[in-house]
Amino acid sequence: MAELSETYACVPSTERGRGILISGDPKSDSIVYCNGRSVIIRSLGRPLEASIYGEHAYQATVARFSPNGEWVASADVSGTVRIWGRHGDRVLKNEFRVLSGRIDDLQWSPDGQRIVASGDGKGKSFVRAFMWDSGTNVGEFDGHSRRVLSCAFKPTRPFRIVTCGEDFLVNFYEGPPFKFKLSQREHSNFVNCVRFSPDGNKFITVSSDKKGIIYDAKTGEKMGELPAADGHKGSIYAVSWSPDSKQVLTVSADKTAKVWEIMDDGNGKLNRTLECLGSGGLDDMLVGCLWQNDHLVTVSLGGAINIFSASDPEKTAIKFSGHMKSITSLSCLHQSGQKIILSSSYDGVIVRWLQGVGYVGKLQRKDSPQIKCFAAVEEELLTSGFDNKVWRIPLNEDQCGEAVHVDVGSQPKDLSFAVKFPEVALVSTDSGLAILRGSKLASSIKVGYTVTASAISPDGTEAIVGGQDGKLHIYSIAGDVLTEESVLEKHRGAITVIRYSPDTSMFASADANREAVVWDHITCEVKLKNMLYHTARINCLAWSPDSRMVATGSLDTCVIVYEVDKPASNRVTIKGAHLGGVYGLAFCDENSVISSGEDACVRLWRLIQQ
Amino acid sequence: MANATSGMAVNDDCKLKFLELKAKRTYRFIVFKIDETVKEVIVEKLGEPTQSYEDFTASLPSDECRYAIFDFDFVTEENCQKSKIFFIAWSPDTSRVRSKMLYASSKDRFKRELDGIQVELQATDPTEMGLDVIRSRAA
């Protein structure tokens, strides 16, 4: 049996030039955001617990809790809104096709009966408000000619809806049934976000023209604006009111977040500026914010979530981050007595995680090329991307040293370290193999078959190479010369991964035809067969440190753990480990497996012996 | 019906042994083979009532097709002892295509001869006839 112990969740997916909208539930202190096709609910107090809802068929854009906290309404790029229960089985209450294009913002009415959604209607309707249980329309929303970026529902009676969009307009609707009342043209650029204050007296709009304007909530008339003197120097992407309706938090592309005090007459005064904590690069542009209870949450373009304290300006911010894109590989290292988990995704981001704590940091490299293959030992990383270079990066705790690169002639398909002698590494490309010693190409040979996977033994004397036809070729290495010794035939599909066991007595190979096989190293006899329980290609494989168990992860989203001494039917299956497929696996100790996948999350599972 | 069958005769012994399993429970399992020289389905192996499911899976060759009947005993949710007769068409991926075609086309006629099969199962590799699969089909 296996149970989920920790989840290192992904961060919201961001896009340059647009803000993102995150929301939360003050009662349970959770925030909700979207990444890819998943909606992620995280608790601010317990960052290692994250629940993920993956039922959308298209990329999810925004999600909100209902006012009573029981339901979540989430929307995606196809214009569909799904309303589901927050707890338990996540039962789907309703699904409506609301707009014909992507939905950018969604809000519940304060009584939880109506929902307003706005977005890109492709020329037809840009905004729709409907009853949450029947889907019937509750108003006509004309008045916009371009994508509507944000909408808001007045939290007190009389109900009003405000929408704002790319046509620089802020439209005010009265109802229900909602009808157009007036339009404000105060902004000179995209109006990114509109929010009502919790007491229902005012609403504020922020725009890419760096202004923030405050209006009266009942009539829609302009009351005042945020002073330009201390204002933002870049587009303001999002705004959030404090629970007492006296202050707002704004975030901007100038990498700062500002807290303003809003007076009763509608004018604003700068209270505090939250400087950016990062290195000041593009990734630190702030794109989303939320003021919940005492927390000021800001989200940056690079996906970093910073939590400041509203009442205590001196308190240092809690910062956490993660991956935004599919995680392609994972490894577990021992550094200064701790077990550090490194995960890398194809966009070149490498993140360090610590078991029990979560996010520790990102590895900054001078050039950040994309990463396709990744291998790590205690003090070094080996990466390769989509060009012909292989990079060796020395690792000092959390800093990367000077990287050196070697050109291997064509795109590397697989890389591995000889674990006992890390200066020796084997790189396989489509048509050949190369041995690297240090940062030099020691030797390379061309082979007559298409190479799909390779591994070098921990002592560097043997290499096993897998081909497109499913054959395993064993080579011996003597003085950097590779000589083919034998060929093993058992697999019926292209080999995807080969791994030696930590005690080097066995090796395991897996193919694209869903089968994995464990072989004895010396005799090349099959030790464990019939490991055919996956229903799609096997992407990754890992050995437990005591060489007793093998885990395989596949495109079918499952992770299966087999014991080498028992028949394959005594397996432990973890179903639905990662939406979209499992791409990385590692054992961090005898009883814990870490897996990572397409949903950009890393999960730690505990195996319970029965 | 003519082109669905391959004209394989069924040896009387098959029917007799099956009736014995059904009525008197003298066997745990029966493995049938198509004998191409005589062009009929014959009984290849018989299993004692004391033998288990593991013995049964071990008696099936991993690269040749077979038909099999297995008498599966289990306990239901209401705690009563029940047994179901499974017909398993064993067609492993590693066997020859000719063999698979032959067994597939003769299966229907053969099954009709054996009256009293409760569950039918087709397995193309050992994972598809694992004990957990059998248990889920029995319920």
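Letters go in sequence order (proteins before strands), and every chain restarts at 1. All values reported here derive from a predicted model rather than from experimental measurement.
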For the residue pair Arg492(A) and Thr94(B), establish whether any side-chain heavy-atom pair is separated by less than 4.5 Å.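 Side chain of Arg492(A) against side chain of Thr94(B), heavy atoms only: contact under 4.5 Å found.
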Taken to the nearest 0.5 Å, the spacing of Asp132(B) CG from Asn570(A) CG works out to 10.0 Å
Step by step, would you call Arg514(A) with Asp125(B) a salt bridge (Lys or Arg N to Asp or Glu O under 4.0 Å)? CA-CA 12 Å; Arg514(A) 314 149 2 240; Asp125(B) 66 41; 3.8 Å; yes
Taking all non-hydrogen atoms of both residues, which atom of Asn530(A) and which atom of Thr127(B) are closest, and how far apart?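 Smallest heavy-atom distance, with atoms named: O-CG2, 4.0 Å.
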Can you tell me if [X] has over 12 outside heavy atoms packed within less than 6.0 Å of its [atom1]?
| X | atom1 | answer |
| --- | --- | --- |
| Arg571(A) | CZ | yes |
| Lys22(B) | NZ | yes |
| Asp89(A) | CG | no |

